[in-house]
Number of protein chains: 2
Amino acid sequence: MAGNSQMPKTAKSRAGLQPRFGRKQAGNGRSQGDVMDDEIALDALAGHAGYAVRRFQIWIFQDFIRTLGAVDIRPTQYSVLTVIGANPGLSQMAVAKRLGIERARLVHLLDSLEQRELVSRLRSATDRRSHALHLTARGRTALAQFRRLAAEHERHVAEKIGKENRERLLQILSAFT
Amino acid sequence: MAGNSQMPKTAKSRAGLQPRFGRKQAGNGRSQGDVMDDEIALDALAGHAGYAVRRFQIWIFQDFIRTLGAVDIRPTQYSVLTVIGANPGLSQMAVAKRLGIERARLVHLLDSLEQRELVSRLRSATDRRSHALHLTARGRTALAQFRRLAAEHERHVAEKIGKENRERLLQILSAFT
DNA sequence: CAACAATTGTTGTCGTCAACAACAATCTTC
DNA sequence: GAAGATTGTTGTTGACGACAACAATTGTTG
């Protein structure tokens, strides 16, 4: 869950969903389908939380990916690093459960993170089935940088919906974290 | 955008993300990774809007899929039907742009919807490149039922986060619809 | 009006992600 | 110790977004 979100690899420049005006001044006779975007009624959709949340989530992930683009870290990777950083020694199962990621999926995520030498899988002394996850030294310093960029992303969010709204949002959704 | 969201085909019964207690009373000596979920710190993640939004979006889509499971309608399909129903005669381009779906993706969505005889693609009289999208009679009555189920889903959302919070959320995110 | 550019629907490819299923190695439990 | 559960792993399926290319059909412009 923390993961998902199929974002564009190439972050789109057009950040937004701002209403677009203009485009062919609304003439008299408009044929089928020839309607300006803004005029297209959403109908019941406008009252659906899921629709709004979905579009917001897309925007926010795109901005995250763009903002952390230079360091090539996606939201899921960031969430994994953060949890491991805050809880060294966790098993893959524990991380997966905490973040709502499938353990099958976490395998690949960790493969990549381990290849980049940000995370290391140590064999657990007490349970030889499981791995104890740790950040490498490199991972720790890298995460510090990621955090700064993530904070910048969070400022973008605040700019987009308003500082107070962002906090209200976090409060409303606190049960889901 | 309206689309995306890879949901489980088989809606999970456990709706939630409620904190789970218990599981092996926290003994004294806990080894690596042997930590109760609730104790695992999220650290910076807790302050990230994207993380909360993502988990909420997953919950909400799962509930939508489960609630509309009997009629086999997913969020994206519902959004397409709603927009076509509210704006008969729209071209595929117009629908795609309005919902933020790729037109390539909409092709498949409409193929499925047309096969189920909920939507029909009529050749536009004015632009022979494009299709004028309409709901079939069957589609209109079906959509009415979908709407009732979607309203039920929306009530689940209200139960989950609170009636007032849901409305506050819709207001905060209104710019994204 | 004819050449060129843009749009529309379509097909296909690639990459991300969630859900499952199966498996070997390793605990746990009875 | 045998049966059952858990952990990490691999592989498959399906929804989805991004892209690229294409034919058919406008539009635009010299």
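Residue numbers start from 1 in every chain, and the chains themselves are labelled A, B, ... in the order their sequence lines are given, proteins ahead of strands. Note that this is a predicted model, so its numbers are computed, not measured.
In this model, the phosphate group of C:dA18 is not approached by any side-chain N or O of B:Q62 to a distance below 4.0 Å at OP1 or OP2.
The aromatic ring centres of A:F176 and B:F56 sit less than 6.0 Å apart.
Counting to the nearest Å, the C1' atom of C:dC17 and the CD1 atom of A:I101 are 11 Å from each other. Nucleotide C:dA25 holds its C1' atom 9 Å from the CZ atom of A:R128, rounded to whole Å. In this structure, CD of A:Q77 is placed 13 Å from C1' of C:dC17, rounded to the nearest angstrom. The nearest whole Å value for the distance from the CZ atom in A:R55 to the P atom in D:dC16 is 15 Å. Distance, A:Q57 CD to C:dA18 P: 10 Å, rounded to whole Å. What separates CD of A:E102 from P of C:dA22 is a distance of 15 Å, to the nearest Å. With rounding to whole Å, A:L106 atom CG is found 13 Å from D:dT7 atom P. One atom, CD1 of B:I58, and another, P of C:dC17, lie 11 Å apart when rounded to the nearest Å.
With rounding to the nearest 0.5 angstrom, the CZ atom of A:F64 is 8.5 Å from the CG atom of A:L149.
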Q: If a protein heavy atom is under 4.0 Å from the base, mark B; if only from the sugar-phosphate, S; if neither, -; do that for nucleotides 2-12 of chain C going 5' to 3'.
A: ----BBBBBBB

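Within the 4.5 Å cutoff, side-chain heavy atoms of A:L170 are placed close to those of A:R166. Between B:Y78 and A:H48, some side-chain heavy-atom pair lies under the 4.5 Å cut-off.
A search for side chain to side chain donor-acceptor pair (under 3.5 Å) contacts involving B:E117 returns nothing, not counting sequence neighbours.
Summarising the base pairing, C:dA19 is matched to D:dT12 through a Watson-Crick or G-U wobble pair whose two defining distances lie under 3.5 Å.
Contact check on A:K163 versus A:E167 returns a salt bridge, with a Lys/Arg side-chain nitrogen under 4.0 Å from an Asp/Glu carboxylate oxygen.
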